[in-house]
Amino acid sequence: MRPLSPKLAAAAGIVFLLSACGGGGGEAATSSSSSSTSEPAPSESETGVPARGDADLVIWTDELKAPAIREVAEGFGEDNGISVDVQVVSADLQANFITANTANNGPDVVVGAHDWIGNMVQNGAIDPLQITAGDLSGYGDVAVQATTYDGQLYGLPYGVEALALYRNTDIVPDEPATLDDAFAAGLAAKTAGTVESAFNLPVGELGDAYHMEPLYTSMGGVIFDRDAEGSYDPATLGVGGPGSIAAAQKIYELGEAGSGVLNRSITGDNSIALFADGKAAFLLSGPWALADVEASGTPYAIQPVPGFAGQQPATPFAGVQAFFVASNGQNKSFAQEFIQSGMNNEEAMTTMYEGAGLPPAMTSVREAVGTENPEVEIFAAAAEGGDPMPAIPAMASVFEPLGKAYSAIVGGADPTQTMTDTGTTIKDAIS
């Protein structure tokens, strides 16, 4: 193996000293583990998570990102003379990580969404990075905002995502300037029998607060206001307030009791497929829909979601994927160094883009890949024009009741009463 870099050599010495000075010797540990009264550790098949193993640097991620991360991590390991293991956790990654970290048998690094941060910090599961937000001048503003929590940077962002508006250019050749224009063009095509659906926004029976957010914000709705430092304040819930009621009234007008441009037959299961099959004029979705739309051969164009005429801009949620340091990782110094130097460079971020497909958070990489893939720039612009998904724990009490409210309103429920009651429900859950 190649010699350790100076930083990692020092880290390795610290790890060795800590293990040597820990309570109890090796013989006692062996005796304890072989006791007839002890229970065997649960297997990977029982827990759904891999055993940590003895690698110097262990990283947890999902199946999609694993090949790209493995390529970067293995190169980092070779350069620094350490062993690495990139492990796939296929389900409930955040919850399994918090559980394993609490038990001191989790990874050193976990890769996931920025809106996990509040919950992970609340559970003491991650450490701040040893770099500052100011050091990330080469990254998009929304990516740095999203990975900063209570004034500290907790994650190194690598990819951004947000909703954009897909348009079938055979059905609607001209780009709509407003949502009103899009709805009118879609309804005209549906009335003419050219398409089955005017505008594919997932609603379903349970609603979809994520996809409804651009409409909600354009009419003045907010989930939480921000405090003086720019952080979301759970004490300032906007659901049930004037902006949310204006949005609810607009959604009612667009629903099944109004123009019918929104309806509950469009769900997360069929919205992309119907558009890809040429059966819808518009689709509100993110970069994850791009492969299916491209493969279908349906002619399309993408633009950031426009707002309603005369109203505020449509502001979707911006999502950011990032690397985090586990608070109870066995080799936290290796983890910090991997994120600071192994990932924080153009080559690694290009590898992440090529493997995971998300618009890069690093602006130079985004610009480079955007020359050949203009959709990357469009989705990145949509994210930059969005608001980071609130990462505060209170957000867990928002999505289900707000989604159900949207579905009810689209189905014809009284918009004012429904949104007012929903605000009360969420406030009670937060308090």
Side-chain angles (χ1 to χ4, degrees), residues 140-143 159-190 194-195 197-202 208 210-219 247 250 254 261-262 266 271-320 357-361 363 366-367 369-389:
D141 290 342
V142 73
V160 299
E161 57 187 4
L163 295 172
L165 185 62
Y166 291 74
R167 180 178 89 259
N168 184 321
T169 54
D170 268 356
I171 306 301
V172 185
D174 298 326
E175 181 176 291
T178 66
L179 278 172
D180 308 81
D181 294 337
F183 294 146
L187 283 171
K190 182 179 179 181
T194 310
V195 293
S197 173
F199 193 97
N200 279 12
L201 185 158
D208 191 321
Y210 177 82
H211 281 84
M212 198 68 79
E213 183 71 2
L215 281 62
Y216 179 76
T217 53
S218 183
M219 291 303 299
K250 174 63 75 173
L254 297 168
V261 72
L262 300 179
I266 303 301
S271 62
I272 296 172
L274 284 171
F275 181 84
D277 289 344
K279 297 177 181 178
F282 291 93
L283 168 69
L284 192 65
S285 193
W288 52 86
L290 192 56
D292 287 345
V293 173
E294 286 183 335
S296 72
T298 295
Y300 71 94
I302 306 173
Q303 68 181 96
V305 185
F308 289 105
Q311 302 297 325
Q312 299 181 30
T315 308
F317 286 124
V320 177
L358 285 180
T363 53
R366 185 182 91 195
E367 291 166 359
V369 301
T371 58
E372 296 182 1
N373 299 281
E375 290 91 351
V376 169
E377 280 291 344
I378 293 171
F379 279 114
E384 286 296 330
D387 279 331
M389 177 88 73

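Given the structure is predicted, the values throughout are model-derived calculations rather than measurements.
A donor-acceptor pair under 3.5 Å links the side-chain atoms of Thr298 to the main chain of Ala276, judged by distance alone. Asn373 places no side-chain N or O within 3.5 Å of a backbone atom of Glu375 that could act as its donor or acceptor partner. Although no hydrogens or angles enter the test, the distance criterion places no donor-acceptor pair under 3.5 Å between the side chain of Arg366 and the main chain of Ala361. A donor-acceptor pair under 3.5 Å links the side-chain atoms of Gln303 to the main chain of Pro176, judged by distance alone. Side chain of Ser218 to main chain of Leu215: no donor-acceptor pair is present (N/O by atom type, distance under 3.5 Å, no hydrogens or angles).
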- Tell me, with the steps shown, if Leu201 and Ile266 meet side chain to side chain contact (heavy atoms under 4.5 Å, CB included). CA-CA 7 Å; Leu201 185 158; Ile266 303 301; 5.8 Å; no
- Query: Going through the checks in order, is the side chain to side chain contact (heavy atoms under 4.5 Å, CB included) test met by Gln312 and Thr217?
  - Reply: CA-CA 7 Å; Gln312 299 181 30; Thr217 53; over 6 Å; no
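Taking the six-membered ring where tryptophan is involved, the planes of Tyr166 and Phe275 are perpendicular, since the angle between them exceeds 60° and thus also 30°. Relative ring orientation between Phe199 and Phe183 is described as perpendicular, the plane-to-plane angle rising above 60° on a 0-90° scale split at 30° and 60°.
In this structure, the separation between NZ on Lys279 and CG on Asn200 is 11.5 Å, given to the nearest 0.5 Å. A distance of 11.0 Å separates CD in Glu213 from CG in Leu284, rounded to the nearest 0.5 Å. Remark: Leu187 CG to Phe282 CZ distance equals 10.0 Å, nearest 0.5 Å. Rounded to the nearest 0.5 Å, atoms CG (Asp174) and CG (Asp181) are 10.0 Å apart. With rounding to the nearest 0.5 angstrom, the OH atom of Tyr216 is 12.0 Å from the OG1 atom of Thr315. From Phe379, atom CZ reaches atom CG of Leu163 across 8.5 Å, with rounding to the nearest 0.5 Å.
The nearest pair of heavy atoms linking Val160 to Ala380 is CG2-CA, 4.4 Å. Heavy atoms only, all atoms of each residue included: Asn168 and Gly278 are closest at ND2-CA, 4.0 Å. Residues Pro359 and Val376 share a closest heavy-atom pair of CB-O, 4.0 Å. Listed here is the closest heavy atom pair of Ala281 and Gly186: CB-CA, 3.9 Å. Between Val142 and Val320, the shortest heavy-atom contact is O-CG2, 4.2 Å. Thr363 and Gly140 get closest at one heavy-atom pair: CG2-N, 3.7 Å.
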